Amino acid sequence: MAYQFKEIEKKWQERWEKDGAFKTKEFSSPKFYVLDMFPYPSGLGLHVGHFKGYVATDIVARLKRMQGFNVLHPMGWDAFGLPAENYAIKTGIHPEITTEKNVDNIRNQMKIAGLSYDWSREINTTEPDYYKWTQWIFLQLFKKGLAYKKILPINWCPSCKTGLANEEVIDGKCERCGTETTKKDIEQWVLKITDYAERLLDDLEGLDWPEKIKEMQRNWIGRSEGWEPVFKIKDSLFDIPVFTTRADTLFGCTYLVLAPEHPIIKDLEIDIENPDEVSLYLEKAGIKSERERISEVKDKTGVELRGVKVVNPINNKEIPVFVADYVLGHYGTGAVMAVPAHDQRDFEFAKKYNLEIVWTVKPEQGEIDKSKAFVEDGVLFDSGEFSGLGSDEARKKIGEYLSKQNLAEKKVYYKLRDWIFSRQRYWGEPIPIINCEKCGTVPLKEEDLPLKLPHIEKYQPTGTGESPLAAIEEWVNVECPKCKGKARRETNTMPQWAGSSWYYLRFIDPDNQKELVDKKKEEFFMPVDLYVGGADHAVLHLLYARFWHKFLFDLKHVSTKEPFSKLRNVGFVLAPDGQKMSKSKGNVIAPDEIIEKYGADAFRIYEMFMGPFGEAIGWSENGVKGVYKFLNRVWNFSIKNKDNKESPKELIAEINKLNKRVSEDLEKMKFNTPIAFFMEFLNFAEEKQAGKDVLERMLVLLSPFTPHICEELWEILGNKESILKQKWPEYDKNLIKEERIELVVQINGKVKDKIEAKNGLSEEEIKEIVFQSEKVKKWTEGREVVRFLFVPPSLINIVVK
RNA sequence: GCCUCGGUGAUGAAACCGGUAAACAUACAGCACUUAAAAUGCUGCGGGCAAAACCCUUGUGGGUUCGACUCCCACCCGAGGCACCA
């Protein structure tokens, strides 16, 4: 008979809630903080993919509770952001209302899946009580000079009508809507994440994170070490420093290239003999979109500044100067020394404009292939006193030689750019700043926080670079806190990523009105012991959160250098057709219908059984049916044996084996194999008489995976106290040892025979048994036995000639 | 181009530290139960053969080893990330 999952699941979910079974205790050691990346409360609800991570952390949370940990396992809502606002534009329904509705729906989805969150700690980034502290952190950043305003050519999404951070531009397109971004000069709030570049890079070392994510962050931060030689401009007081990692190729530098944005171009105006040509080029470069720049990688364009020459500091050669947009204004000094012989980009440019190519580095062996640049390290020639040196040594020697004459400096640059922090949209945290005509930028007083987001009727973005908030006169026009004169509020809002950059701290102390988090509680619960979410946040959320955390650490508001000590990525759940699930493709599978048809327990173990946790795997309803069948067998097996007292020895060995395998694999964050082990165990045990001891152990081990059915059967077996209170069982390795085993006999490494024998025999005894085998005789007859290898407990390899 | 993962039956996959390749499931086929279907149970299921014996098989080619999915070298393919970063 099929087990009645609907009644059972409802019954236990209500019981757990009534008992407050998942409430975290304050200051009860040891603690374990296991956290999911909190979701955006979309109107579609969550699909089965979101639950893969949630079920895994839930299993860990339940396991850790049984192992005696005081588990902090909270959930909340990252509810600011564009979709709610776009929905409001379309329907006129306020984001506050849609957010609340969506949150209720998703919270319910999580509850019917039996996820063991401590709901008393629920947070929502759009509640003033929460964003008060997001704003507070912003004020601290401002006070430390880490939040500043700047007119910048930013990435602009013409569809979302807002500026974007570099991290939000993927392939020249808006991360949200896929529209191609353009450049726009707007005054922006910028956070100085670059001040933390070195620490963000160095501290990755100690983290138990997937190597992939660490590597992505390293690349994003992009540290590079080199020298910055100075090129003097001929007949001028100006000079131009350039950054290079290849100081060893300096003798091969035959021209200099400036980025179109380089300020010195203006200073040189009077010397330039071809001003029309130059300004035409600059104009063209300025309007190019990010996309165009990327697509033109192969076709380098530029223009010479005729009449301007610079001097190569290493050999005093006069060389020409070009402007080209393959040199970026925002990296290094915005100027490069071009060495066409040893840099592929310079090589292409030199070929196109017929510039001199001077070879100064050759490979240690063989000749240079002069059809392309030789970019590897090698041995210097035609390089004065440095000829004959290897590249590595030459870099150092040349750098030091120049720096003695104050013609170069050792330098480190990072690819990481400051975080563009303002958005010209409505549905976000207002930036707590007042712009006064007299006093300039004035921060709000901390006691005036939260600065509430006003309720408005018109959400349409203005497209002018101002947010819709700018239209609300009574909100915008305020008195300056400093001089009491006329002033205007900052109308930009914070980006999507603000609220999620510190939310893990608020779970520790969600109702604190006086501070962001109580110091003692923070010290107790931090860091997050296990953080689980998709790999798609590798350089956005995970980098921003680390930055804010380090900042709070410097202010002594948090006690750890890093927020998340262990991170694991969950793989996508794809639609049955192998495609990504999306509303537009109509292939989204909701957990609700699966739970309705097969129950939460079946849903939960299917999510885990479908494959390795980190891999992307297609959904299969037949797979759900398969594990549902398994749960029915667990039910029937337990009911059938519920009155048995004792178990046979072989079953005791088997349950200990199961115990070992499940414990070990859970420790390694493997969730698919333990389920296979349970199935194997049941296949073995089903026909046998099982006693209460074995049944109970099985249920306790299974309970983190499928808590409802286990609770019910646990009760049926006569237990009064919830299975949640049981200790995670230890296995006895002496009981696992089998009495009889199968010897596997190989001849020259190939399996030829299998012989059953007593376990634990000596090599001599085994040898005797093995050579009695007909098959072994057949293969060894007339041949010389060179070696006899015995690999305990069961493998034998006989090497014959 | 660079970086990081991957490549095993029809499918999802398993295999600890180098030791029986394909556990566990799904699909499929056959049988039982049923008036019938579903559900359930049983059997089979990498390939060369219908079968035993035997041989082959973890992307390809080579190497190390008594023994390689696992280690080393070269290459091919796929996914994700970065991408004119000097």
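What you are looking at is a predicted structure, and each value in this text was computed from that prediction instead of being measured. Side chains are part of it too, since the values below use all heavy atoms of this structure and drop only hydrogens, waters and symmetry mates. Sequence lines set the chain letters: A, B, ... in the order given, protein chains first and strands last, and positions in each chain run from 1.
- A salt bridge links A/R223 to A/E225: one of the charged nitrogens lies within less than 4.0 Å of a carboxylate oxygen.
- Residues A/Y331 and A/Y413 form a side-chain contact, since some pair of their non-hydrogen atoms from C-beta on lies under 4.5 Å apart.
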Point to revise | Nucleotide-level pairing of RNA chain B, given in dot-bracket where Watson-Crick and G-U pairs need both distances under 3.5 Å and | marks other strands | key: (((((((..(((......[....))).(((((.......))))).(((.....)))..(((((..]....))))))))))))....
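- With sequence neighbours left out, the side-chain hydrogen bond (donor to acceptor under 3.5 Å, both in side chains) criterion links A/K396 to no other residue.
- Judged as a side chain to side chain contact (heavy atoms under 4.5 Å, CB included), and not counting sequence neighbours, the contacts of A/D392 are A/R395.
- Shown here are the side-chain hydrogen bond (donor to acceptor under 3.5 Å, both in side chains) partners of A/S391, two or more places apart in sequence or in another chain: A/D248.
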Study note, to complete from the structure: Letter by letter from the 5' end, nucleotides 26-34 of chain B scores (B base, S sugar-phosphate only, - none; protein heavy atoms under 4.0 Å) SS-------
Below 3.5 Å is the cut-off: list the nitrogen or oxygen pairs between protein and nucleotides 56-59 of chain B, distance only.
residue: B/C56; atom: OP1; partner: A/K750; partner atom: NZ; Å: 3.3
residue: B/C56; atom: OP2; partner: A/K750; partner atom: NZ; Å: 3.4

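- Here A/V799 lies in heavy-atom contact (under 4.0 Å) with sugar-phosphate atoms only.
- By the side-chain hydrogen bond (donor to acceptor under 3.5 Å, both in side chains) test, A/H537 is found to be paired with no residue, residues two or more places apart in sequence or in another chain being considered.
- Taking only distance into account, the side chain of A/K300 meets the base of B/C84 through a donor-acceptor pair shorter than 3.5 Å.
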Using atom types as modelled, flag every donor-acceptor pair under 3.5 Å from a side chain in residues 668-681 of chain A to any protein atom, sequence neighbours excluded.
residue: A/T673; atom: OG1; partner: A/D665; partner atom: OD2; Å: 2.6
residue: A/E680; atom: OE1; partner: A/R661; partner atom: NH2; Å: 3.3
residue: A/E680; atom: OE2; partner: A/R661; partner atom: NH2; Å: 3.4

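- Distances shorter than 4.0 Å separate some side-chain N or O of A/R787 from OP1 or OP2 on B/C66.
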Using nucleotides 15-18 of chain B, report all nitrogen or oxygen pairs with the protein that are shorter than 3.5 Å.
residue: B/A15; atom: OP1; partner: A/K670; partner atom: NZ; Å: 2.7

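- Contacts of A/F231 classified as side chain to side chain contact (heavy atoms under 4.5 Å, CB included), with partners at least two apart in sequence or in another chain: A/P229, A/V242, A/L250, A/C253, A/L256, A/V310, A/N312, A/P313, A/I319, A/M337.
- Legend: residues meeting side chain to side chain contact (heavy atoms under 4.5 Å, CB included) with A/K640, ordered by chain and number and at least two apart, are absent.
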Pairs under 3.5 angstrom, nitrogen or oxygen only, protein versus nucleotides 6-13 of chain B, please.
residue: B/G12; atom: O2'; partner: A/M610; partner atom: O; Å: 2.3

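- Taking 4.0 Å as the cut-off between side-chain N and carboxylate O, A/E205 and A/K214 do not count as a salt-bridged pair.
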